[in-house]
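The structure displayed is predicted, hence computed values, not measured ones.
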Amino acid sequence: MELAKIENLLEKYFEAETSLKEEAILKDFFEQEDVPAHLAEHKEMFNFFSASSMESSERKIELKKPVNLNLRWLSIAAMLIFFIGVYSVYQENEREEEEARLAYMETQKALELISQSLNKGTGAIAQLDKFNKGTEAMAQLRTFESAKNKVFNQ
């Protein structure tokens with residue numbers, strides 16, 4: 001019965017499903033001198049784990065001291081980063097304002113060209129006014145002509 005239990009625990013162990021208590025049972029079982037032949041191959045592994053857990057090192061490990069950041073320098077760096085950010089936002093606004101100014105000037109030039117073209121058209125309309133005056137003068141001549149024909153009975 002105990003051998004079947006050990007074999008079940010070994011299956012669980014290799015499936016990584018054992019608890020620490022069950023692993024201790026396996027460790028104790030494989031520390032015995034007489035282990036069944038079909039389980040002997042696992043004895044070396046458990047004995048290795050037992051032996052390696054007893055090892056210790058004489059080597060000293062030096063821990064690095066935490067870096068002491070001076071709060072003053074940290075605050076100066078933060079202020080510099082803040083001012084650089086503010087300056088870059090200011091520059092961006094200035095650039096956008098300059099682009100808007102240039103766009104306004106270009107629009108103003110375009111509107112001035114349109115105005116000049118329209119003024120040339122109004123010059124032609126002014127010539128039409130002279131034409132209208134001429135037609136009015138001709139109309140007066142016709143009335144004069146008709147009056148003359150009545151007087152001379154023609």
- Counting only heavy atoms not in F14, do more than 12 fall under 6.0 Å of its CZ?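 More than 12 heavy atoms, drawn from other residues, nucleotides or ligands, come within 6.0 Å of this atom.
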Item checked: ILVMFWY cluster membership beyond I76 - transitive side-chain contacts under 4.5 angstrom ->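 When side chains under 4.5 Å apart are linked, the cluster holding I76 also contains W73, L80.
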In chain order, what residues pass the side-chain hydrogen bond (donor to acceptor under 3.5 Å, both in side chains) check against R59, with sequence neighbours excluded?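 side-chain hydrogen bond (donor to acceptor under 3.5 Å, both in side chains) check on R59 returns nothing, list empty.
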Identify every side-chain donor-acceptor pair in residues 105-112 under 3.5 Å, counting partners at least two apart or on other chains, and give the distances.
unit_1	atom_1	unit_2	atom_2	d
T107	OG1	A103	O	2.8

Run the side chain to side chain contact (heavy atoms under 4.5 Å, CB included) test against [X] and tell me which residues pass, sequence neighbours left out.
{"X": "E22", "result": "L9, K12, T18, S19"}
{"X": "E92", "result": "R95, E96"}
{"X": "F82", "result": "V86"}

Looking at R101 and E97, does any basic side-chain N land under 4.0 Å from a carboxylate oxygen?
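Result for this pair is yes, salt bridge flagged.
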